[in-house]
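To start, the structure under review is shown below, and the notes come after it.
Each chain gets a letter, A, B and so on, in the order the sequences are listed, and its residues count up from 1.
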Protein chains: 2
Amino acid sequence: MSPTPRSGLGTNQEAVRRHNLGTLLRHVHQRGNSSRAELTKGMGLNRSTIAGLVAELESLGAVSHAEAVGTSRGAGRPSAGVRIAPDGPFVVAVDLGVDRVIVARVGLGGSVLQRAETIVAGSEAWQVGSTVAGLVREVVADAPTTSPMVGVGISVPGMVRRTDGLIRLAPNLDWHDVSFGGIVLAALGVDVPVSLANDADLGALSEHERGAGVGVSDLIYISGNVGVGAGVISGGHRLEGAGGYAGEIGHLRFNPAGRPCHCGNLGCWETEVGAHAIADAIRCPADKVPQLDEVLDGYAKAPRELRGIGSAIGQGLASIVNVFNPQVVVMGGYFDAMYRLVRAEIDQGLADRALPAAFESVSLAAPALGRDSVLLGAAEMAFEPLFIDPVTALGSAIQDVRARLAG
Amino acid sequence: MSPTPRSGLGTNQEAVRRHNLGTLLRHVHQRGNSSRAELTKGMGLNRSTIAGLVAELESLGAVSHAEAVGTSRGAGRPSAGVRIAPDGPFVVAVDLGVDRVIVARVGLGGSVLQRAETIVAGSEAWQVGSTVAGLVREVVADAPTTSPMVGVGISVPGMVRRTDGLIRLAPNLDWHDVSFGGIVLAALGVDVPVSLANDADLGALSEHERGAGVGVSDLIYISGNVGVGAGVISGGHRLEGAGGYAGEIGHLRFNPAGRPCHCGNLGCWETEVGAHAIADAIRCPADKVPQLDEVLDGYAKAPRELRGIGSAIGQGLASIVNVFNPQVVVMGGYFDAMYRLVRAEIDQGLADRALPAAFESVSLAAPALGRDSVLLGAAEMAFEPLFIDPVTALGSAIQDVRARLAG
DNA sequence: CCTCATTTGTTGTCTGAGTGAACGCTCATC
DNA sequence: GATGAGCGTTCACTCAGACAACAAATGAGG
């Protein structure tokens, strides 16, 4: 009904079909299995049009027919079910952490079909790329040969250039200007669409799509890994920035009389609420900092030392809330644990410092997808081309992945 | 070619026509007078389709034919000109300042056809509404009777709720929860679409459309009025936030050991770089604070007292650049003058504190539309429905405005 | 001055996507 | 078991945009 005003391009009817096909598939992806009646209402199109679209997606192998699915509610002939095809398209999601890598095969609907995880040994990019390639081979091992692989989505704890996916800087991996997508592809020996993005951005994406922010068009995912970052969804769109580096909230000025930050400034927010600051406060050894979330989970009650940090989190969030006016702030990474432990301090800090208009409509939330937010966000990103143009995306997807990744 | 993925709705061919008609008109609005050949290239549609669209817009009275417009460049038959109709649709833009109101009648292409301005006497909302209504009557006095008025756009120095245009808080007018749109309509005695928004947001809009940020999809307009705010365009979209209050950068935490801010906190950025801080530094009397930009224009060279403020501006901008990663930052309001005076300090402060990745792609710019940025942004906002659906917008526009506003 | 290539406007036909109405199927309700 | 409601299916219809052919208007070159 409302095509983008910004592209400046006109719409022809080929584009209409693409859009409707993609939108239909997106609906199925979001709701999981659905029915044609639901889709008719959801898309505002005619019954017969929906029938045609579903038929085309069936012939593409993306969805399959299901007789009279679920419990019928009310009178009338039950609507035909539209099910995600069991041997339908999938993506591979990669969550690149500071000390471990998680790889998963994810189907439509966001279901994790297979997963593999390992500790990262060497920190050289090519080593990690080789490790990832091995895990990818693992997770596609049981994929039906008829299932096409649409793409690979990779989450990176650092800044990713949006034009080409170059990793500009991943401080905790000590990577600079690494073309990790190319490295992984080379290690796999195939050519598939690979997309990379910042971990916080992807956390926001998945929580928006199927987590704590469903139906919320303005949300922020605060990522607490070793560094502090944010993914922002505003008006339903990802906030990317000119280069793709938007959301670097860790380096907001917080206390100019504070400690030096690795970025060169004094008293960035990250120096007060980052993993190292928290670890110092609770005397957690430095080598356990990457698992800070698990360490914090070990506490039943908040040690006194964390209270001040809780206030600092709340006060920093206030700036963020003032600037972005989100409806939901999802506390990702170790912020989830922190919010459980020092909720009162965080809430108080936020209430004290946020502007009333922005404060009244915001709420803090735990990630509904738990620790899989970022992983599932990588999957969402990889699926995206499928919802823009299913025919093209499935055309460029690779078939019989198992065989082609054998080497 | 690429309809919005977010709306979730399907596209039917009625919507296609609406979109193409609107997009075509938007092109004409942006480029000013154009030619059918240009539009064919710009929209990626067929020649004959463009011809049909132009014909429909002509019959709607929005554009008119022009034979062989401009200088022909190269061989071939010269393309028919598509001109903005002289008696075409217009909007009324209102720039509500702290101490004055500017009202203008603005035509397609962003041309100011008539303008009126006055000092605001009383600060009661109904008084201001009455004043505005009077100015509106002035600026439509010479409008052709066949020219339809599409709507009224009002810029407000404060927070505007996006759902209904309620002014939640305009600190420098001392307004709380004022339905100013309704007040103006009541004073005018007609019913036209009225839209309100924050001044900084509108500055960003116009600078993006036809100012220093043409072709730039990520820009920030820093508004220096009495308060400090920002309008953000990201990925070509306005950043609004859940309630419409996004961009309140004046209350970013800057110096927790600093002066108290009217918002209740200590050391907000605004307390260091706001109009009152600058006025104090240069010993400008308090009653001249609303005209601080003009006061600053009186300086040929920066007094020493402004240098520290320049650094604070630069350092604060660094936080903003880190968070939004814009390509252009437009220095609106008195920041324009400040940038002329203490450019070195601002640049230095920004360079010192911004992250390299974000810093390398950003540039600061003066508002290309001068002091009309905000006013023209209000016009752009009011025109927006016309580019979404010209037929409907012109249908609900009011004809023969002069007569109907006579009372 | 004439011819040619080039670009665009104009016209009529065609394609294809979504619509809408008629009809039949399947359910819940009484 | 009759009835109504909701849905799938089919087919004719509408209409927006594409496409091809032709006409018109320019600049370049001889």
Side-chain angles (χ1 to χ4, degrees), chain A residues 1-3 9-24 34-60 63-83 389-391, chain B residues 1-3 9-24 34-60 63-83 389-391:
Chain A
M1 281 299 203
S2 61
L9 285 165
T11 306
N12 54 25
Q13 66 188 350
E14 193 187 330
V16 169
R17 186 67 170 182
R18 262 205 302 270
H19 173 240
N20 286 346
L21 224 41
T23 304
L24 178 48
S34 183
S35 73
R36 273 159 51 177
E38 277 180 24
L39 293 166
T40 302
K41 273 185 196 137
M43 291 183 59
L45 297 179
N46 195 286
R47 282 212 298 268
S48 42
T49 307
I50 296 292
L53 292 168
V54 169
E56 185 164 349
L57 286 179
E58 276 181 26
S59 79
L60 287 171
V63 302
S64 63
H65 197 76
E67 286 296 342
V69 73
T71 58
S72 45
R73 59 226 154 280
R77 176 176 175 174
S79 186
V82 178
R83 203 176 29 162
D389 182 357
V391 178
Chain B
M1 284 298 204
S2 61
L9 286 164
T11 306
N12 54 24
Q13 63 189 350
E14 193 186 332
V16 169
R17 186 66 172 183
R18 264 205 302 271
H19 172 240
N20 286 346
L21 225 41
T23 304
L24 178 48
S34 184
S35 72
R36 276 165 42 184
E38 277 180 25
L39 294 166
T40 301
K41 275 186 194 134
M43 292 184 60
L45 297 179
N46 195 283
R47 283 210 301 267
S48 47
T49 306
I50 296 292
L53 292 168
V54 169
E56 185 164 348
L57 286 179
E58 275 181 27
S59 78
L60 287 170
V63 303
S64 63
H65 196 78
E67 286 296 342
V69 73
T71 59
S72 45
R73 58 226 155 281
R77 175 176 175 171
S79 187
V82 178
R83 203 178 28 167
D389 183 357
V391 177

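- In this structure, the NE2 atom of H19(A) is 14 Å from the C1' atom of dG18(C), given to the nearest Å.
- Atom C1' of nucleotide dC7(D) and atom CD of E38(A) are separated by 13 Å, given to the nearest angstrom.
- A search for side-chain contact (heavy atoms from CB on, under 4.5 Å) contacts involving Q13(B) returns nothing, not counting sequence neighbours.
- For the atom pair CG of L45(B) and CG of L9(A), the computed distance is 8.0 Å after rounding to the nearest 0.5 Å.
- Following rounding to the nearest Å, E14(B) (CD) and dA16(D) (P) show an atom-to-atom distance of 9 Å.
- Note that the CG atom of D389(A) and the CG atom of L21(A) stand 8.0 Å from one another [nearest 0.5 Å].
- At a threshold of 4.0 angstrom between heavy atoms, the contacts of A37(B) are confined to the sugar-phosphate backbone, with no base atom among them.
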Check step by step if side-chain contact (heavy atoms from CB on, under 4.5 Å) holds for V16(B) and T11(B).
-> CA-CA 7 Å; V16(B) 169; T11(B) 306; 3.9 Å; yes
Scan nucleotides 17-21 of chain D against the protein and return all N/O pairs shorter than 3.5 Å with their distances rounded to 0.1 Å.
| unit_1 | atom_1 | unit_2 | atom_2 | d |
| --- | --- | --- | --- | --- |
| dG17(D) | OP1 | N20(B) | ND2 | 2.3 |
| dG17(D) | OP2 | R17(B) | NH1 | 2.7 |
| dA18(D) | OP2 | N46(B) | N | 2.8 |
| dA18(D) | OP2 | T49(B) | OG1 | 2.8 |
| dC19(D) | N4 | S48(B) | OG | 2.7 |

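- Atom P of nucleotide dC7(D) and atom CD1 of I50(A) are separated by 12 Å, given to the nearest angstrom.
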For residues 51-60 of chain A, which side-chain N or O atoms pair as donor and acceptor with protein atoms under 3.5 Å away, sequence neighbours left out?
| unit_1 | atom_1 | unit_2 | atom_2 | d |
| --- | --- | --- | --- | --- |
| E56(A) | OE1 | R17(A) | NE | 3.1 |
| E56(A) | OE1 | R17(A) | NH2 | 2.7 |
| S59(A) | OG | E56(A) | O | 2.8 |

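- H19(B) NE2 to M43(B) CE: the interatomic distance, rounded to the nearest 0.5 Å, is 7.0 Å.
- Nearest heavy atoms, R36(A) versus H65(A): NH1-CE1, 4.3 Å.
- Nearest heavy-atom pair across S79(B) and A37(B) is OG-N, 2.8 Å.
- R36(A) has no side-chain polar atom (N or O) that falls below the 4.0 Å cut-off from OP1 or OP2 of dC7(D).
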Quick test: give all pairs of protein nitrogen or oxygen and nucleotides 28-30 of chain D nitrogen or oxygen below 3.5 Å, distance rounded to 0.1 Å.
none

